[in-house]
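See below for the structure under consideration.
All values below were derived from every heavy atom in this structure, side-chain atoms included, with hydrogens, water molecules and symmetry-related copies excluded.
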Amino acid sequence: MILYHFPTSPVSRRVRLALALKALPVELRDARAVPEHRATVNRLNPMHTVPVLVDEEDDAVVFDSTAICHYLDRKFPDPPLWPAGMAGAEAFQITALADAVSNILSDCGMRYHALHQDPAFPDVSANVVGRAQRALDELARRAAARAGEAPLCGDRWGGADIALYCLITWLEGLPGRAANFPPAGWVAALGWTLPPELTRWADQHRSRPDVLAL
């Protein structure tokens, strides 16, 4: 398998941790550093986004991190990324909230930054960033409710934990990346705050071998 990715992208890192959980070998191709890899991403994925997984064994191309995680879970079901029953339903909800935060902040801070001088932009930004903040606050509530229990859903580290951890570390890293990557600073300046409950939850997982390997 081949994964086209950006090393600092939270959704790319999500797939890398899912692959690590399942102990699956993969060739990593950095689509930010290598123009040929970015051209391949644009050819394979109509949305022109990373990550993109190429499974040569099944002649399959899968894009969108959540879709890739579900693909991996169906082809390689053990260990599962998603718990069974209602715990699995909660895991999907947590993942959706994490997706909402990263998508809103990336769009508003990076993709639409050229519009930030438009008179209407402050109101639009306040509206959508408010949605992201409410999603962060809800994620914080759910993480706090599991205080002392490492997995968010079920009895083991899985897809929801991976999605939330990658979101938190991406947000934490934005200010430090701003000097070399201005769009990171644009996202950091949008006015959101990372709830301390999320930082405390992430602290439980920073020493995991798969996390350190990122």
Item checked: Heavy-atom pair of closest approach, residues V101 and A132 ->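 Taking every non-hydrogen atom into account, CG2-O, 3.7 Å.
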Notebook entry, point to check: Minimum heavy-atom separation for L97 to A135, with atom names?
Noted result: CD2-CB, 4.0 Å
Notebook entry, point to check: Under the criterion side-chain contact (heavy atoms from CB on, under 4.5 Å), which of T49, V50, L214 is the partner of S12?
Noted result: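 When T49, V50, L214 are each tested with S12, the side-chain contact (heavy atoms from CB on, under 4.5 Å) holds only for V50.
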Note to self: Tell me whether the NZ or CZ atom of R32 lies within the 45° cone about the ring axis of F181 and under 6.0 Å from its centre.
What the structure shows: yes
Filter on salt bridge (charged side-chain N to carboxylate O under 4.0 Å, His left out), then keep only pairs touching [range], sequence neighbours left out; what's left?
{"range": "residues 101-124", "answer": "D107-R111"}
{"range": "residues 193-203", "answer": "D203-R206"}
{"range": "residues 6-19", "answer": "R14-D99"}

In a table with atom names and distances, give each donor-acceptor pair under 3.5 Å that connects a side chain of residues 77-94 to protein atoms at least two apart or in another chain.
from	atom 1	to	atom 2	distance (Å)
W82	NE1	H70	ND1	3.4

Note to self: Checking R131 now: which residues fulfil side-chain hydrogen bond (donor to acceptor under 3.5 Å, both in side chains) with it, not counting sequence neighbours?
What the structure shows: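 R131 satisfies side-chain hydrogen bond (donor to acceptor under 3.5 Å, both in side chains) with N127 only.
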Taking side chain to side chain contact (heavy atoms under 4.5 Å, CB included) as the test, write out the residues that go with [X], two or more places apart.
{"X": "S125", "result": "C108, F121, V129, L190"}
{"X": "E36", "result": "V34"}
{"X": "E57", "result": "D55, K75"}

Margin query: Does this structure show an ion pair linking E138 with R134, if we count only N-O contacts that are shorter than 4.0 Å?
Written below: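 The answer is no: the pair does not qualify as a salt bridge.
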Does the side chain of [X] reach to within under 4.5 Å of the side chain of [Y], using non-hydrogen atoms?
{"X": "S106", "Y": "W170", "answer": "yes"}
{"X": "L167", "Y": "L136", "answer": "yes"}
{"X": "V187", "Y": "W192", "answer": "yes"}

Margin query: I'd like to check the salt bridge (Lys or Arg N to Asp or Glu O under 4.0 Å) partners of E56; sequence neighbours left out, ordered by chain and number.
Written below: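 None.
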Checklist line | Pairwise ring-ring contact (aromatic ring centres under 6.0 Å, His included) hits with a residue in residues 13-64, at least two apart | finding: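 As it turns out, the ring-ring contact (aromatic ring centres under 6.0 Å, His included) pairs with a partner in residues 13-64, which skip direct neighbours, are Y4-H37.
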Next item on the list: With salt bridge (charged side-chain N to carboxylate O under 4.0 Å, His left out) as the test, would you mind laying out the steps for D73 and K22 before giving the verdict?
Entry: CA-CA 9 Å; D73 226 26; K22 293 177 178 292; 2.7 Å; yes
Notebook entry, point to check: Tell me, which pairs form a side-chain hydrogen bond (donor to acceptor under 3.5 Å, both in side chains) where one or both residues lie in residues 173-189, sequence neighbours left out?
Noted result: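 As it turns out, the side-chain hydrogen bond (donor to acceptor under 3.5 Å, both in side chains) pairs with a partner in residues 173-189, which skip direct neighbours, are T8-R177.
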Item checked: Hydrophobic cluster (4.5 angstrom, side-chain heavy atoms) - remaining members for V15 -> M1, L3, L19, L24, V26, L28, L53, V62, I68, Y71, L72, F76
